[in-house]
**Q** 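If you scroll down you'll find the structure; I have some questions about it.
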2 protein chains.
Amino acid sequence: MSGSHPMRKPTQGPKAQTQLRTLERLEAACRTRGRRLTRQRRAVLRALLAEGGALTAYELHERLRVADGRSTPAGVYRALEFWMTAGAVHRLESTRSFILCEHPESPHPGQLLICHECGQVVETEDKGVAAAANRLGERLGFVLDRHPVELTGVCRPCRAQGRAAEPGRRPAT
Amino acid sequence: MSGSHPMRKPTQGPKAQTQLRTLERLEAACRTRGRRLTRQRRAVLRALLAEGGALTAYELHERLRVADGRSTPAGVYRALEFWMTAGAVHRLESTRSFILCEHPESPHPGQLLICHECGQVVETEDKGVAAAANRLGERLGFVLDRHPVELTGVCRPCRAQGRAAEPGRRPAT
DNA sequence: CGCAAAATGATATATTGTATCAATCAGTGT
DNA sequence: ACACTGATTGATACAATATATCATTTTGCG
Ligand SMILES: [Zn+2]
Ligand SMILES: [Zn+2]
Ligand SMILES: [Zn+2]
Ligand SMILES: [Zn+2]
């Protein structure tokens, strides 16, 4: 993930501040509900926050191993599973990576816009997309779940920098 | 894929007929354009057609190996890559599997509705979802590519059969 | 035919994700 | 503080998914 996209800047802007508060809230909520807030789980959450973007399980493992040699892939996956169940982390299927949820306060059918040039991810809660998807589901007899919808494309900065050839699939020419 | 979802019936209805014609058209188109239509590529396409649903690369490899012991995972992945570039096959990121495109005649930003109980996949070209996604992309500076959007949920038959507990994520209770 | 480009076969390896089970830890009641 | 109980971890092995490399074969073409 981060290795293959060296362009992403790990800014610590107001978004990170908001996430930090959210994180503390999440951790607290966790404790008071019988779920256990452990060293490893906390470490995974904080590593994702520090990164400010998506990381693969093994990238997380590498980072955690620096501070605590006992980290294992299995442990990282277990922690990720825990946080996904809690709604605090999303899995990006298209890049096999994981990212902090930006609105963990409330359940939400969201969208994840992913730039396949720089790896940037933006999370939204667009009513239009959600409604259209639900209508489509109804029409076809599907009850959609609330996993965020992944939309891939090219972000503005990447287009400006000339990366991003033709968006979309090449026609079979 | 098929192993984990024994409920899917491999119907050979009118859809399969349509796909067969499409397949022949695709194969012919391929030949006349300098792209080579080879034994292995044809075998992959026909295996997907015979299945009538999604298969993982290794499931394809197993099927191909029966008829031709020389099939390798690498070869299967190469053939899949070829057909995806040609727009004839879609990759389902959420299940790491591959499926024939149901409308390969024309390029399309489509949707793939995936039942996570039975593995059924329905491909659509819903204007509403496409438009909403594009509007969202514009608003955020993203030019979306044309990979189909994956929507997961539970299909009607599966809901009727009592499978499909609560759709969506459990709130962090 | 004889060449060059495309594709394959064979093999090795990288990446991503789970299973198992004994040891440890966190919360609970005494 | 102490022991009890179930959740969690550490350690290890392994399964599943995907790509890299390169010599050989096939294909299209002059
Ligand atoms: Zn979210
Ligand atoms: Zn970008
Ligand atoms: Zn399609
Ligand atoms: Zn179903």
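Lettering of chains follows the sequences in order, A, B, ..., and the numbering in each one begins at 1.
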**Q** Between dT16(C) atom P and E93(A) atom CD, what is the distance in whole Å?
**A**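 Nearest whole value for this atom pair: 13 Å.
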**Q** My understanding is that only residues two or more places apart in sequence, or in another chain, count here; which of them pass side-chain hydrogen bond (donor to acceptor under 3.5 Å, both in side chains) with T124(B)?
**A**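 side-chain hydrogen bond (donor to acceptor under 3.5 Å, both in side chains) list for T124(B), sorted by chain: Q111(B).
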**Q** A43(B): what forms a side chain to side chain contact (heavy atoms under 4.5 Å, CB included) with it, not counting sequence neighbours?
**A**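 With neighbours one apart ignored, the set is L64(B).
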**Q** With sequence neighbours excluded, what pairs up with R41(B) under the side-chain hydrogen bond (donor to acceptor under 3.5 Å, both in side chains) test?
**A**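 So R41(B) forms no side-chain hydrogen bond (donor to acceptor under 3.5 Å, both in side chains) with any residue.
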**Q** How bent is the helix from dC1(C)-dG30(D) to dT30(C)-dA1(D), measuring the angle between the end axes built from five pairs each, rounded to 10°?
**A**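 Rounded value for the end-axis angle: 30°.
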**Q** Under the rule for side chain to side chain contact (heavy atoms under 4.5 Å, CB included), what residues qualify as partners of R156(A), not counting sequence neighbours?
**A**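 Here the qualifying residues are R159(A).
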**Q** Can you measure L60(B) atom CG to dA18(D) atom C1' for me and round it to whole angstrom units?
**A**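 These atoms are roughly 14 Å apart.
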**Q** Mind calculating the distance between OH (Y77(A)) and P (dA11(D)) to the nearest angstrom?
**A**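 In whole Å, dA11(D) P and Y77(A) OH are 19 Å from each other.
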**Q** Going by the rule side chain to side chain contact (heavy atoms under 4.5 Å, CB included), which residues pair with S94(A) if we only count those two or more places apart in sequence or in a different chain?
**A**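 Residues passing side chain to side chain contact (heavy atoms under 4.5 Å, CB included) with S94(A): I114(A), E150(A), T152(A), E93(B).
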**Q** Could you give me the CA-CA distance, side-chain angles and deciding distance for H147(B) and H90(B), then say whether side-chain contact (heavy atoms from CB on, under 4.5 Å) is met?
**A** CA-CA 8 Å; H147(B) 296 314; H90(B) 295 303; over 6 Å; no
**Q** Check the distance between dT16(C)'s P and L55(A)'s CG and give it to me in whole angstrom.
**A**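 Spelled out: CG on L55(A) to P on dT16(C) is 12 Å.
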**Q** Over how many whole Å does the gap from L64(A) atom CG to dT9(D) atom P extend?
**A**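 L64(A) atom CG is separated from dT9(D) atom P by 11 Å.
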**Q** Rounded to the nearest angstrom, tell me the gap between atom CD in E81(B) and atom C1' in dA6(C).
**A**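 Taking CD of E81(B) and C1' of dA6(C), I get 15 Å after rounding.
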**Q** So, taking the atom named SG in C155(A) and the one named CD in Q120(A), what distance separates them when rounded to the nearest 0.5 Å?
**A**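 Between atom SG of C155(A) and atom CD of Q120(A) there are 5.0 Å.
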**Q** Using whole Å, what does the distance between atom C1' of nucleotide dA18(D) and atom CG of L92(B) come to?
**A**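 So the CG-C1' distance, L92(B) to dA18(D), works out to 16 Å.
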**Q** Give every pair of a protein N or O atom and an N or O atom of nucleotides 8-10 of chain C that lie under 3.5 Å apart, one pair per line with the distance.
**A**
unit_1 : atom_1 : unit_2 : atom_2 : d
dT8(C) : OP1    : T38(B) : OG1    : 2.6
dG9(C) : OP1    : R39(B) : NH2    : 2.6
dG9(C) : OP2    : Q40(B) : NE2    : 3.2
dG9(C) : N7     : R78(B) : NH2    : 2.8
dG9(C) : O6     : R78(B) : NH1    : 3.2

**Q** Could you name each residue pair satisfying salt bridge (Lys or Arg N to Asp or Glu O under 4.0 Å) that touches residues 119-129 of chain A, not counting sequence neighbours?
**A**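 Qualifying pairs: D126(A)-R139(B).
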**Q** Sort and list the pairs that fulfil salt bridge (Lys or Arg N to Asp or Glu O under 4.0 Å) and have at least one residue in residues 68-84 of chain A, not counting sequence neighbours.
**A**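 For residues 68-84 of chain A: R39(A)-D68(A), D68(A)-R70(A).
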**Q** Of all the nucleotides listed (dA26(C), dA18(D), dT27(D)), which has the minimum atom distance to the side chain of R36(A)?
**A**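 Ranking dA26(C), dA18(D), dT27(D) by closest atom to the R36(A) side chain puts dA26(C) first.
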**Q** Find the distance M84(B):CE to dT19(D):C1' and express it as a whole number of Å.
**A**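 Checked: the CE to C1' distance equals 13 Å.
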**Q** Given the structure, check if the side chain of Y58(B) and the base of dA18(D) hold any donor-acceptor pair shorter than 3.5 Å.
**A**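 Checked by distance alone, the answer is yes.
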**Q** Is the phosphate of dT8(D), meaning OP1 or OP2, less than 4.0 Å from a side-chain N or O of R42(A)?
**A**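 So the side-chain polar atoms of R42(A) never come under 4.0 Å of the phosphate oxygens OP1 or OP2 of dT8(D).
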